[in-house]
Q: 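The structure that follows is given in the form of structure tokens.
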2 protein chains.
Amino acid sequence: MSRPIETRRPLTLRDVSEASGVSEMTVSRVLRNRGDVSDATREKVLQAAKALGYVPNKIAGALASQRVNLVAVIIPSLSNLVFPKVLSSVSDELEDTGLQPVVGVTNYSPEKEEQVLYEMLSWRPSGVIIAGVEHTPASRAMLQNAGIPVVEIMDVDGEGIDSVVGISHRRAGLHMAEAIIAAGYRKIGFLGTKMPEDHRARKRLEGFKEGLAKAGIELADTEFYAGGSALAKGREMTETMLKRSPDLDFLYYSNDMIGAGGLLWCLDNGIDVPGKMGLAGFNGLELLDGLSVRLATMNACRAEIGRKAAQIISGRSQSGMIGGEVIELEPTLDPGDTIRKR
Amino acid sequence: MSRPIETRRPLTLRDVSEASGVSEMTVSRVLRNRGDVSDATREKVLQAAKALGYVPNKIAGALASQRVNLVAVIIPSLSNLVFPKVLSSVSDELEDTGLQPVVGVTNYSPEKEEQVLYEMLSWRPSGVIIAGVEHTPASRAMLQNAGIPVVEIMDVDGEGIDSVVGISHRRAGLHMAEAIIAAGYRKIGFLGTKMPEDHRARKRLEGFKEGLAKAGIELADTEFYAGGSALAKGREMTETMLKRSPDLDFLYYSNDMIGAGGLLWCLDNGIDVPGKMGLAGFNGLELLDGLSVRLATMNACRAEIGRKAAQIISGRSQSGMIGGEVIELEPTLDPGDTIRKR
DNA sequence: GCCAAGTATGTTAGCGTTAACGGTTGTAGG
DNA sequence: CCTACAACCGTTAACGCTAACATACTTGGC
């Protein structure tokens with residue numbers, strides 16, 4: 001049950017080569033399916049490798065070949081559903097390219113991002129996919145100097161380093177404002193996260209305010225939270241806000257989870273949704289598909305973003321560009337059941 | 001905006017050494033904070049490295065030193081909340097050990113697990129944390145031969161390879177059965193995933209049946225699903241099952257998400273919970289804290305599991321053992337609002 | 001003033017693999 | 001029978017870094 005204490009020397013190509021009676025080079029060729037090897041020797045080598053339980057050393061291989069099959073994927077968090085989704089679409093798209101994603105998490109901290117980036121670049125990946133276009137100067141410099149394709153994802157509002165794939169959160173907020181106003185709501189509250197480093201949420205709010213301003217409307221109330229279960233926070237904040245501003249007729253949430261919390265609170269309290277009170281979130285989380293009342297939301301194209309980013313890194317992008325590609329996707333509004341139809 | 005085409009030679013220690021007028025070795029020492037270097041040269045070197053934008057090459061470093069600061073973490077999925085939780089607690093615990101987790105995802109496929117393991121071991125990590133105790137013979141062999149600490153997590157029901165940290169899902173199911181029976185429920189249905197490879201869900205069900213059997217009760221009905229939004233599936237399955245077996249008085253769900261879906265369906269349909277109908281899930285997802293009715297569940301100790309596993313890998317385990325450690329944690333029942341009190 | 005014991009740096013030899021090239025054999029075509 | 005060329009396999013020299021040892025220069029104790 002316990003792992004053996006004995007420190008027998010780790011296996012190398014040489015061991016396989018000796019066991020199969022061919023040169024190390026030939027073993028290497030067999031194991032990589034590269035170059036010409038006769039079926040007979042191939043078989044011999046594979047057998048020996050298997051019998052010994054040999055696992056190639058990619059560290060040495062990467063050093064010698066100057067090639068690494070890793071792609072760094074740097075995201076702020078794994079604990080909400082949005083980034084895992086992107087990640088899995090990256091992963092799927094990379095599936096048979098020989099490339100492998102490696103994840104780093106920054107917790108929305110620019111300093112942590114810098115550290116994670118440094119750490120990852122020191123493994124010389126063949127590409128970087130990184131969330132957001134805001135980075136410390138040092139991070140930008142590292143990305144620029146790395147000499148590898150870089151794709152900044154999620155957000156196109158800003159100056160990219162190399163390629164960019166995402167949506168305009170500013171315009172997403174703006175469109176949501178327009179839709180809400182078109183539906184006849186006028187006293188609008190905003191509920192979001194207390195995270196100065198969540199630039200995308202910030203841009204949505206800015207765009208949202210801009211959209212309201214065009215119609216001569218100002219945000220009637222705002223409420224922010226940090227930490228805790230988003231669903232519960234959505235509840236609490238909604239209660240707080242509606243106690244404070246009972247005349248509101250719409251609540252815009254910075255994400256679907258707190259939106260769902262708010263929705264549940266409204267339903268529990270017999271509030272007429274969407275008649276007296278409209279609600280909307282952001283992200284298009286399919287996690288929430290099972291709610292009896294579907295929350296209005298905006299699809300953030302997460303899967304598509306991951307896919308496109310992976311294509312750019314793997315050189316399979318449609319465009320055939322060699323870098324500097326900017327792809328802006330169009331988020332679609334899903335009015336669900338919480339915005340009244342006109 | 002586009003990354004430079006120019007292929008200037010990548011920076012090496014030699015570049016920094018030339019720029020700062022000392023040997024490569026001294027630069028190496030400075031950059032790793034190892035050995036004696038005078039403050040003056042240290043400063044000189046750091047400045048040169050920064051100016052050049054040098055990022056060390058860990059591939060070469062690892063090959064030379066035969067040390068790699070990576071810990072492979074192999075899990076079935078990132079798209080439910082349970083593994084990200086474990087992952088982040090591993091990550092936190094490893095924070096200042098110099099070790100870095102690297103994630104691999106198997107999608108509950110033993111073959112994929114084998115591939116991912118092979119790939120990861122080829123980078124010669126200094127430890128492996130892997131979900132479950134069921135692996136292909138080849139995977140087991142690789143883990144045994146790797147000569148590094150291995151921690152199998154989540155599940156202690158089975159034969160481990162080296163160290164094991166988890167709970168007994170069999171006993172978790174059994175305890176849930178006992179609690180349900182003690183609360184007076186008798187006609188019990190089970191709703192779960194159609195995943196033969198989810199051994200933990202299977203063991204919970206087995207333990208659950210065993211618990212019922214002790215009281216002379218059999219499962220009255222079962223329903224399974226695959227794919228889709230768990231919340232929505234929970235709804236659908238609940239409806240299906242209650243149409244088919246209207247006399248049921250308890251529904252046991254294999255996870256909290258489908259449980260929550262079922263709970264919402266019951267509430268929407270005016271079913272008296274927990275009076276006429278009891279419900280329970282599994283996992284203790286804090287995500288669901290915001291529901292108006294708290295689903296009965298069982299805490300799977302996810303954070304604790306991640307922490308202990310990381311401690312074993314980093315050699316900071318309390319026990320001081322050198323491997324072969326088995327830690328069984330005790331899941332706690334949270335009756336929530338969906339099991340009636342006696 | 002000389003030796004012991006640091007302190008600060010440099011030198012050498014790999015780490016395990018692969019790129020690049022070289023050699024040997026076999027085989028077809030003239 | 002000789003050339004041309006392919007198929008197969010081996011040899012050599014890196015890749016960029018660090019362990020281990022070697023070397024110079026200091027310091028202080030007696």
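The chains referred to below are lettered A, B, ... by the order of the sequence lines, with proteins before strands, and numbering in each begins at 1. Fair warning: this is a prediction, and the values are worked out from it, not measured in the lab.
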Q: Is it the case that T136(B) and S139(B) place a side-chain donor and acceptor less than 3.5 Å from each other?
A: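 S139(B) and T136(B) do have a side-chain donor-acceptor pair below 3.5 Å.
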
Q: Can you name the side-chain contact (heavy atoms from CB on, under 4.5 Å) partners of Q311(B), sequence neighbours left out?
A: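 Residues passing side-chain contact (heavy atoms from CB on, under 4.5 Å) with Q311(B): E93(B), R307(B), K308(B).
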
Q: Please determine, by modelled atom types, if H135(B) and E114(B) share a side-chain donor-acceptor pair under 3.5 angstrom.
A: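 H135(B) vs E114(B): no donor-acceptor pair found between side chains.
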
Q: Under 3.5 Å, which donor-acceptor pairs link side chains of residues 95-105 of chain B to any protein atom two or more places apart or in another chain?
A:
{"unit_1": "T97(B)", "atom_1": "OG1", "unit_2": "L94(B)", "atom_2": "O", "d": "2.7"}
{"unit_1": "T97(B)", "atom_1": "OG1", "unit_2": "L99(B)", "atom_2": "N", "d": "3.0"}

Q: I want to check something: taking the side chain as every heavy atom from C-beta on, are P110(A) and E197(A) in contact at a cut-off of under 4.5 Å?
A: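 They are in side-chain contact.
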
Q: Looking just at side-chain N and O atoms, do S317(A) and E325(A) make a donor-acceptor pair shorter than 3.5 Å?
A: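 There is such a pair (donor and acceptor under 3.5 Å, judged by atom type) between the side chains of S317(A) and E325(A).
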
Q: Would you please name every residue forming a side chain to side chain donor-acceptor pair (under 3.5 Å) with S17(B), sequence neighbours left out?
A: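 In terms of side chain to side chain donor-acceptor pair (under 3.5 Å), with neighbours along the sequence ignored, S17(B) is linked to no residue.
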
Q: Checking K85(A) now: which residues fulfil salt bridge (Lys or Arg N to Asp or Glu O under 4.0 Å) with it, not counting sequence neighbours?
A: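 Partners of K85(A) under the salt bridge (Lys or Arg N to Asp or Glu O under 4.0 Å) test: E286(A).
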
Q: Could you give the CZ-to-C1' distance, from R124(A) to dG16(D), as a whole number of Å?
A: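 From R124(A) CZ to dG16(D) C1': 9 Å.
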
Q: Does anything in residues 128-143 of chain B pair up under salt bridge (Lys or Arg N to Asp or Glu O under 4.0 Å), and if so which pairs, sequence neighbours excluded?
A: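 As it turns out, the salt bridge (Lys or Arg N to Asp or Glu O under 4.0 Å) pairs with a partner in residues 128-143 of chain B, which skip direct neighbours, are E134(B)-K203(B).
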
Q: Which residues pass the side chain to side chain donor-acceptor pair (under 3.5 Å) test with R42(A), not counting sequence neighbours?
A: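 In terms of side chain to side chain donor-acceptor pair (under 3.5 Å), with neighbours along the sequence ignored, R42(A) is linked to N33(A).
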
Q: Checking D15(B) now: which residues fulfil salt bridge (Lys or Arg N to Asp or Glu O under 4.0 Å) with it, not counting sequence neighbours?
A: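 Salt bridge (Lys or Arg N to Asp or Glu O under 4.0 Å) check on D15(B) returns R9(B).
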
Q: Of all of residues 37-53 of chain B, which get a heavy atom below 4.0 angstrom from DNA chain C, listed by number?
A: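 Heavy-atom cutoff 4.0 Å gives V37(B), S38(B), T41(B).
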
Q: Any residue in residues 55-69 of chain A with a heavy atom nearer than 4.0 angstrom to DNA chain D? Just list them by number, or reply none.
A: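 Correct list: L63(A), A64(A), Q66(A).
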
Q: Separation of D36(B) atom CG from dA24(D) atom P, in whole Å?
A: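 Going from D36(B) (CG) to dA24(D) (P), I get 19 Å.
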
Q: Considering only distance and modelled atom types, tabulate donor-acceptor pairs under 3.5 Å from the side chains of residues 125-133 of chain B, sequence neighbours left out.
A:
{"unit_1": "S126(B)", "atom_1": "OG", "unit_2": "V68(B)", "atom_2": "O", "d": "2.7"}
{"unit_1": "S126(B)", "atom_1": "OG", "unit_2": "L70(B)", "atom_2": "O", "d": "3.3"}

Q: Between atom CG in L13(B) and atom P in dA14(D), what is the gap in whole Å?
A: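 Between P of dA14(D) and CG of L13(B): 19 Å.
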
Q: Through what angle, rounded to 10 degrees, does the axis of the helix from dG1(C)-dC30(D) to dG30(C)-dC1(D) turn between its ends, using five pairs per end?
A: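 About 40° separates the two local helix axes.
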
Q: Figure out the CH2/C1' separation between W123(B) and dT17(C), and round it to whole Å.
A: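 Atom CH2 in W123(B) sits about 12 Å away from atom C1' in dT17(C).
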
Q: Which residues in residues 14-32 of chain A have at least one heavy atom lying under 4.0 Å from any atom of DNA chain D?
A: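 The answer is V22(A), S23(A), M25(A), T26(A), R29(A).
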
Q: Under a 4.5 Å cut-off applied to non-hydrogen side-chain atoms, are R200(A) and P76(A) in contact?
A: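 A side-chain contact exists here, since the closest heavy-atom pair is under 4.5 Å.
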
